[in-house]
Amino acid sequence: MTTRAYAESLDAVDPLAAHRDAFRLPDSVIYLDGNSLGPLTHAARAALRETVDVEWGRDLIGSWNTADWVDLPRRVGAKIAPLIGAHADDVVCTDGTSLNLFKVLSVALDKRAGRARVVSERHNFPTDLYVAEQAIARAGHGQYLYRVDTPDEIDALIDDDLAVLLLTHVDYRSGAMHDLAGLTARVQEAGALVVWDLAHSAGAVPLGLREAGADFAIGCGYKYLNGGPGAPAFIYARPRHQATLEQPLAGWFAHTDPFAFETRFEPAADMRAFLSGTPGVLGMRALEAALDVWQGVDMAEVRAKSIALCELFIATVEARCAGHGLTLASPRAADRRGSQVAFRHPEAHAIMPALIDHGVIGDMRAPDILRFGFAPLYTRYVDVVDAAEILHRILDERVYEASCYRQRGVVT
Ligand SMILES: *Cc1c(COP(=O)(O)O)cnc(C)c1O
């Protein structure tokens, strides 16, 4: 069942279909890159206008109080919390993902200073590994980073020398998803800590951080949370860690009373301890408003539709594009996959620009991955079969061989 009529019949009974109206999506485009930059919501657009014209433009500095700008990190954190299975006080919104990783990892390394091994994946998103190396060097406990090549190697490394397990929950390229609850339990049984990067998970798959007892997590605001380019990111910490957070980039907003202007630093005994300086108000207001689209959304329904979209895409591409050199780079089993699908092709670098030129926006990840993200709040089943059909045409007619598709942009 990979026909357009079948896809239309699925859209007609889709319980999430109406949420698409909350987004400002161009008509001529099938957008399968919300895992890299979520689209603009009408709510974020309106909130930015209001913030600029009224809060900043008219009320000026008074808005720190009257519009409660000062509490944005906690307010936006509280809105992210239900999406990741956390309580409102367990999350703050601040800075960017890379910076936040440096902060939480530094805390975790200090808490397990007597243990030497930090484990992550060789194919983790590069920033995570760069940051991990620097945090380890700066912590000065003689710890080292061990990179596994495959997830099967992780279990054997969970022992009494493990300090921290640092994993990206859903792999940015393949979409392969780790067992968050199972790994968290095994790591903690061994007395170690776990740090989850939820960049490709938050807003894409149901998460139960509190229930799993996860120690720390960080995630992006601009991917499935649709906060806008460079949107602020978030941090989660397990309640038992929150009173003792000493992170290396604490600034005055991490002080228990910033406006007392005390000469001596006293960290807040809650998630504010992860803050550094003045929040980026425009970015936070955009993200705050974008998060409104999740009101009343059942993450189980999001997951069900995400699986259905991904399965339909795989089935349609494999049926229509057979013999054209594509191989599935994502796990075939839906329960091992996030909300994205990747195919390998030796000409991926030229196929993706050709696809984009023909109205299907995905992205390419070096060296040979075509990556497609499916965001159940706005992706329709017809988009899935239409995208597969356009991919077929580009492969079948060798459209990608045109010289105009051979120039690589700076950002892929
Ligand atoms: C997108 C992504 C990031 C991005 O980090 P920034 O600091 O926002 O640039 C980090 N880690 C992973 C796993 C990602 O997918």
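Just so you know, ligand 1 is whichever comes first in the structure, and atom 1 is the first atom listed for that ligand.
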Which atoms of ligand 1 have any heavy atom of [X] under 4.0 Å away?
X: A199; result: 2 (C), 12 (C), 13 (C), 14 (C), 15 (O)
X: D197; result: 10 (C), 11 (N), 12 (C), 13 (C)
X: H200; result: 15 (O)

Should one rank T127, D95, L129, L99 by closest heavy-atom distance to atom 10 (C) of ligand 1, which comes out on top?
-> T127

Any N or O of [X] closer than 3.5 Å to N or O of ligand 1:
X: K223; result: yes
X: S98; result: yes
X: T168; result: no
X: Y222; result: yes

Are side-chain N/O atoms of D171 and H200 paired as donor and acceptor at under 3.5 Å?
->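 No - no donor-acceptor pair under 3.5 Å links their side chains.
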
Test of ring centre spacing under 6.0 Å for W252 and F265 | no

Counting only heavy atoms, which portion of D128 has something under 4.0 Å from ligand 1: side chain, backbone, both, or neither?
->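 Just the side chain.
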
Heavy atom of the protein closest to atom 5 (O) of ligand 1 (residue, atom name, distance) =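 For this ligand atom, the closest protein heavy atom is T97 CB, 3.4 Å.
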
What residue among L291, L198, I235, V92 forms side chain to side chain contact (heavy atoms under 4.5 Å, CB included) with I80?
->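 That would be L291.
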
The single option from T184, L207, I84, I218 passing side chain to side chain contact (heavy atoms under 4.5 Å, CB included) against W196 =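 Of T184, L207, I84, I218, side chain to side chain contact (heavy atoms under 4.5 Å, CB included) with W196 is met by T184 alone.
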
Before giving the answer on side-chain hydrogen bond (donor to acceptor under 3.5 Å, both in side chains), spell out for D357 and Y405 the whole-Å C-alpha distance, their side-chain angles and the decisive distance to 0.1 Å.
-> CA-CA 9 Å; D357 210 22; Y405 301 130; 2.5 Å; yes

Parallel under 30°, tilted from 30 to 60°, perpendicular over 60°: which one fits the rings of W64 and W69?
->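 If you compare the ring of W64 with that of W69, the planes turn out perpendicular.
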
Residues two or more places apart in sequence or in another chain: which of them pass side chain to side chain contact (heavy atoms under 4.5 Å, CB included) with A387?
->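 Once residues adjacent in sequence are excluded, the partners of A387 under the side chain to side chain contact (heavy atoms under 4.5 Å, CB included) criterion are I30, L32, F313, V360.
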
